[in-house]
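Read the numbers this way: they start at 1 and go in the same order the structure lists the ligands and their atoms. All figures in this text were calculated on a predicted structure; none of them were measured in a lab.
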Amino acid sequence: MNIIKRPRRLRVNETIRGLVRETRISVESLVYPLFVIEGENIKREITSLKGNYHFSVDKLEEEIKELMDLGIKSVILFGIPNEKDEVGCEAYHEHGIVQKAIKEIKSKFPDMYVITDVCMCEYTSHGHCGILTESGYVDNDKTLEYLGKIAVSHAEVGADMIAPSDMMDGRIGFIRDALDKAGYVNVPIMAYSAKYASAFYGPFREAADSAPSFGDRKSYQMDPANINEAIREVELDIEEGADIVMVKPALSYLDVIRKVKDSFNMPIAAYNVSGEYAMIRSCIDNGLLSENAIMESLISIKRAGADIIITYFAKDAARILRR
Ligand code: PBG
């Protein structure tokens with residue numbers, strides 16, 4: 001007799017589906033991005049990232065309280081300064097926007113884990129992630145000096161973790177050295193290791209006012225076609241001292257996340273970037289997709305091998321997980 005094999009037995013009801021479920025998201029693995037601006041009493045919705053806001057420092061308390069209540073215990077900070085210049089001075093200034101935000105959060109909520117994005121594009125007048133040569137090329141080794149200063153300035157005011165997103169060569173080793181020399185041996189580095197030159201950063205660049213004023217980022221961020229190169233980048237960052245390695249974006253790069261996961265015994269982060277958020281958000285808002293698309297896409301990132309997910313959906317996910 002030809003017996004029919006019946007995988008559907010394990011799908012009969014939610015209880016059995018729950019028992020055999022292979023991948024779960026927990027709120028502890030989510031990191032929420034926060035955008036901080038100068039000024040007072042400002043909480044303004046970001047048009048390109050509906051449901052996310054620009055906060056002045058004095059308005060952070062309320063937001064962090066909400067995150068804590070939802071069980072979200074870590075944030076990654078992005079600062080938008082009033083003044084930009086050729087070398088991004090505001091990025092490492094003691095009273096720079098991110099430095100003020102870190103102090104505010106850590107003084108009111110010492111348990112909120114504060115990660116900082118270390119990069120120059122929000123702070124430079126030209127919008128590139130480093131210092132330019134006369135011909136407009138981003139000067140790698142000169143940029144390292146600045147990145148080191150920025151990282152130390154974040155640690156000095158209490159950042160828990162440093163996340164360099166600039167894609168310069170040698171930056172992880174350089175920043176590790178700078179942090180250690182300044183006495184911050186216990187501040188870990190989450191490296192944006194395989195960061196692609198992606199069109200999916202569009203809404204973020206609008207939110208952070210960080211689009212390059214000329215050209216693109218292809219001379220430092222990776223070609224979307226490459227995966228072996230991603231492994232080489234990750235390998236270098238691990239050698240240089242990265243504690244966590246990241247793949248970014250997430251959804252168009254699930255194969256890269258999986259390969260990194262299988263190649264290294266390291267915690268892997270994935271950045272579910274602004275364009276990925278905006279696409280799903282607008283489809284949900286327009287009734288084209290159900291809200292289930294949020295967890296389905298986050299689960300796919302987890303299933304691909306990410307331990308940590310940075311996502312603008314963190315608050316939605318936390319609420320859904322509570323139901
Ligand atoms: C800074 C930085 C970017 C993002 C995170 N850090 C923008 C970029 O590289 O142009 C993108 C995040 C997102 O799209 O959500 N270099």
Side-chain angles (χ1 to χ4, degrees), residues 30-36 46-54 75-81 84 88 90-91 97-98 115-124 126-132 138 140 143-144 146-147 150-151 154 159 161-168 171-172 175 189-224 233 244-253 269-282 297-298 301 306 308-315:
L30 304 178
V31 179
Y32 186 60
L34 275 182
F35 295 88
V36 195
I46 301 171
T47 34
S48 62
L49 284 173
K50 283 245 187 88
N52 292 266
Y53 299 82
H54 280 129
V75 290
I76 182 161
L77 295 184
F78 297 95
I80 301 122
K84 303 184 189 238
E90 283 295 308
I97 184 66
V98 158
I115 306 169
T116 59
D117 182 90
V118 169
C119 193
M120 304 194 66
C121 59
E122 295 117 69
Y123 301 91
T124 51
H126 44 73
H128 278 286
C129 302
I131 308 298
L132 297 184
V138 176
N140 194 85
T143 301
L144 295 183
Y146 286 86
L147 295 172
I150 299 170
H154 292 172
M161 184 189 276
I162 303 297
S165 69
D166 52 281
M167 286 301 277
M168 295 304 118
R171 84 244 206 247
I172 301 306
I175 290 174
I189 297 177
M190 174 163 70
Y192 285 73
S193 301
K195 178 174 178 180
Y196 288 88
S198 171
F200 291 99
Y201 307 151
F204 172 97
R205 290 184 189 167
E206 205 178 312
D209 186 27
S210 66
S213 61
F214 66 91
D216 51 41
R217 302 208 201 290
K218 290 181 185 163
S219 83
Y220 39 104
Q221 298 180 349
M222 282 180 49
D223 183 336
E233 282 282 6
I244 298 170
V245 291
M246 192 198 298
V247 174
K248 177 188 173 194
L251 292 175
S252 292
Y253 298 85
Y271 201 137
N272 180 211
V273 300
S274 57
E276 300 172 333
Y277 171 83
M279 286 192 298
I280 292 176
R281 174 95 279 157
S282 70
S297 61
L298 293 176
I301 298 169
I308 301 168
I309 305 175
I310 305 170
T311 180
Y312 304 95
F313 280 124
K315 290 202 275 185

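Using a 4.0 Å cutoff on heavy atoms, Tyr312 counts as a contact of ligand 1. Using 4.0 Å as the threshold, Met167 has no heavy atom nearer than that to any atom of ligand 1. Using 4.0 Å as the threshold, Lys195 has a heavy atom nearer than that to some atom of ligand 1.
At least one donor-acceptor pair under 3.5 Å links the side chain of Tyr201 to the backbone N or O of Tyr196. For Lys195 (side chain) and Met222 (main-chain N/O), no donor-acceptor pair under 3.5 Å exists by modelled atom type. The main-chain N or O of Pro164 is found under 3.5 Å from a side-chain atom of Arg171 such that the two form a donor-acceptor pair. Remark: side-chain polar atoms of Glu276 are paired, donor with acceptor, to backbone N or O of Ala250 under 3.5 angstrom.
Looking only at protein heavy atoms, the nearest one to atom 10 (O) of ligand 1 is Arg205 NE, 2.6 Å. Among protein heavy atoms, the minimum distance from atom 14 (O) of ligand 1 is reached at Ser274 OG, 2.7 Å. Looking from atom 6 (N) of ligand 1 to the surrounding protein, the closest heavy atom is Asp117 OD1, 3.3 Å.
Annotation: the span from Met168 atom CE to Leu144 atom CG amounts to 8.0 Å, rounded to 0.5 Å.
Among Glu122, Lys248, Glu276, the residue whose heavy atom lies nearest to atom 3 (C) of ligand 1 is Lys248. In this structure, of Phe78, Phe204, Tyr277, Tyr220, the residue bringing a heavy atom nearest to atom 12 (C) of ligand 1 is Phe204.
Residue Ser210 has no N or O atom closer than 3.5 Å to an N or O atom of ligand 1.
Summarising the geometry of Ala197 relative to Gln221, their closest heavy-atom pair is CA-OE1, 3.3 Å, with the distance given to 0.1 Å. Nearest heavy-atom pair, Ile76 versus Ala163, reported as atom, atom and distance to 0.1 Å: CD1-CB, 4.2 Å.
Listed by atom number, the atoms of ligand 1 under 4.0 Å from Cys121 heavy atoms are 1 (C), 16 (N). Applying the 4.0 Å criterion to heavy atoms of Tyr271 picks out, from ligand 1, the atoms 12 (C), 15 (O).
Remark: aromatic rings of Tyr277 and Tyr271 are distant, center separation not under 6.0 Å.
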